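Keep in mind that what you see is a predicted model, and the values were worked out from it rather than measured. Whatever order the structure lists them in is the order used to number ligands and atoms, beginning at 1.
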Amino acid sequence: MKTDTLALSVGDPAGVGPEIIAKAWAALRESGPVFMAVGDLQSLAAAGGGVKVRPVTGPAEAAQVFPEALPVLDVPLQSPVVAGKPSSAHAPQIIRCIETGVGLALSGAVAGLVTAPIAKAPLYEAGFKFPGHTEFLAELTAPVPFEGARGPVMMLTAGDLRATLVTIHQSVGSVPSSLSVPRIVEAGLVTAQAIKTDFGIAAPRLAVAALNPHAGEGGALGREEIETIIPAVEILRARGVDARGPAPADSLFHADARATYDAVLCMYHDQALIPVKMLDFWGGVNVTLGLPIVRTSPDHGTGFDIAGRGIARPDSLIAAIRLAAEIAARRNA
Ligand SMILES: NC(=O)c1ccc[n+]([C@@H]2O[C@H](COP(=O)([O-])OP(=O)(O)OC[C@H]3O[C@@H](n4cnc5c(N)ncnc54)[C@H](O)[C@@H]3O)[C@@H](O)[C@H]2O)c1
Ligand SMILES: N[C@H](C(=O)O)[C@H](O)COP(=O)(O)O
C-alpha cells in the first residue's frame, strides 16, 4: 500500500538535528507532511524542549500518533551525547539511522527519506569512507534498479533557483582535472530527467555554468570551456536536452537570468551553494537526484556552535520535509 509518511534520520545527535526535528514536528503536527524520526529516543526527548516523543514500531503507527506526539523509531545511542560536542563514538548509530531510513524508503514503507545534518569529520574519524550522505545513499541504493540516468547528483534549491553540481566534496584545486565530458554529460542528463520527474517541468531548460572567469575569455583565462564544457553541452543537446552554455557564472544568478532556465549545472560546490544559500539560507534544501529513493536534507549543517541552546531554526528542515513529500507525490502519481 502506498504511503506518504516520510522517514527522518536524526543525523549527528550533538548537532542541531534533534532540536529542529522537534520544532519541525510542532510546526507540522496538524498539517503534515507526516514523518517518523529514526534516531535515539532519549536524546530526542532531551533536546525536544518539552515536545512529546513516542516510540513506534514503524510508519503506520507513526502516522497514527503524529498529531499528538513526535513518533520515533528508536535506534539507541551507545554513548552519552553532549550538545555541540561531536564524537566519533556516535558514528555507528548515525550510520545505522541512515541505513534504516534508506531501507524503509527502498521497501516503500515510507515515501522518502529526509536526513538531518551529519558532520563529516567525526564520521571520517570512525572510518566512514564516503564524502557525505550523497555518496553513501548511492552506495546503499546501488543494487536497486533505477530507470533512466542514474545519479547521484546533488541539487541545492531555494526559491526559483535549482543548482546541481558536477563535482561535490573535493578541493577547489582538484576540480579542473576532475571535469570531463562524460561527467558533465551524466550530471546534465540526471538533472534534466529529475526536473521532469521530480519537479514536474515537462520541457526543462538547463543552463550550464562556465568554470573560468568570463567563460575562459576565448581561452585566455583557461581552456576548460573549450576543451570540456562546450563539447559536453553539444552532446547534451544532441541527446535532446535543452542545454545552453557554458555561461559566465557571475551573470547566471540574478533574477532575470534565473528566469531563463529551470536548473543550472555548476562545476563545483561553492559555485552552486553560495548563490542558493544567499538567496534563502533558511529555506534552502539539498536534494539528491537520480536515486531510486526520494531524499532531501536541510541546506545547513550540524551547527555545533549553537546546538543545545534552543535557538536553531527549523525552517530549512521544514522546507526539506515539504519538498520530499512533494517529490514523492509526483513520483507516485
Ligand atoms: N545536510 C547536511 O548533512 C550538511 C549540510 C551542510 C554542512 N554539513 C556538515 O555540518 C558540519 C558543520 O558545517 P558548517 O559549520 O560548514 O555549516 P553549518 O551550517 O553547520 O553552520 C554554519 C552557520 O550557520 C548556523 N546554523 C546552521 N544551522 C542553523 C539553524 N538551523 N538555525 C540557526 N543557525 C544555523 C551555524 O550556527 C553556523 O554559524 C560540517 O561537518 C559539514 O560537513 C552537513
Ligand atoms: N554540501 C552539502 C550542503 O552544504 O548542504 C552538505 O555537505 C551535505 O552533503 P551530503 O548531503 O552529501 O551529506
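- Heavy-atom contacts of Gly132 reach the following atoms of ligand 2: 12 (O), 13 (O) (cutoff under 4.0 Å).
- The single protein non-hydrogen atom nearest to atom 20 (O) of ligand 1 is Gly303 N, 2.9 Å, given as residue, atom name and distance.
- Nearest non-hydrogen protein atom to atom 4 (C) of ligand 1 is His300 O, 3.3 Å.
- Which parts of ligand 1 touch Gly301 is read off a 4.0 Å heavy-atom cut-off, strictly below it: atoms 4 (C), 5 (C), 6 (C), 7 (C), 8 (N), 10 (O), 18 (P), 19 (O), 20 (O), 44 (C).
- Residue Trp282 places a heavy atom less than 4.0 Å from ligand 1.
- When non-hydrogen atoms are compared, ligand 1 lies under 4.0 Å from the backbone of Thr302 as well as from its side chain.
- Between the choices His269, Lys277, Arg295, Met154, the shortest heavy-atom distance to atom 11 (O) of ligand 2 belongs to Arg295.
- Taking the six-membered ring for Trp and thresholds of 30 and 60 degrees, Phe130 and Phe136 have ring planes inclined between 30 and 60 degrees apart.
- Classification of Asp198 and Arg331 as a salt-bridged pair holds, one side-chain N sitting under 4.0 Å from a carboxylate O.
- Nearest to atom 44 (C) of ligand 1 among the protein's heavy atoms is Ile118 O, 3.2 Å.
- Using modelled atom types, one finds no donor on one side chain facing an acceptor on the other under 3.5 Å when comparing Thr167 with Ser178.
- Which of Lys277, Arg309, Lys120 comes nearest to atom 42 (C) of ligand 1 through a heavy atom is settled by distance: it is Lys120.
- Of all protein heavy atoms, the one lying nearest to atom 39 (O) of ligand 1 is Asp305 OD2, 3.1 Å.
- At the top of the distance list for atom 31 (N) of ligand 1, counting protein heavy atoms only, stands Arg313 O, 2.9 Å.
- By the 3.5 Å distance cut-off applied to N or O atoms, His133 is counted among the residues near ligand 2.
- By the 30° and 60° cut-offs, the orientation of the rings of Phe66 relative to Phe35 is perpendicular.
- Residue Ala119 touches ligand 1 through backbone and side chain together, judged by heavy-atom distances below 4.0 Å.
- Of the charged side-chain nitrogens involved, none lies within less than 4.0 Å of a carboxylate oxygen, so that Glu326 and Arg322 do not count as a salt-bridged pair.
- For ligand 2, the polar-atom distance check against Lys120 finds a nitrogen or oxygen pair separated by under 3.5 Å.
- Proximity of Pro298 to ligand 1, defined as any heavy-atom pair under 4.0 Å, is confined to the backbone N, CA, C and O atoms.
- Residues passing the ring-ring contact (aromatic ring centres under 6.0 Å, His included) test with Phe199: none are found, sequence neighbours excluded.
- A donor-acceptor pair under 3.5 Å is formed between the side chain of Glu135 and the backbone N or O of Gly132.
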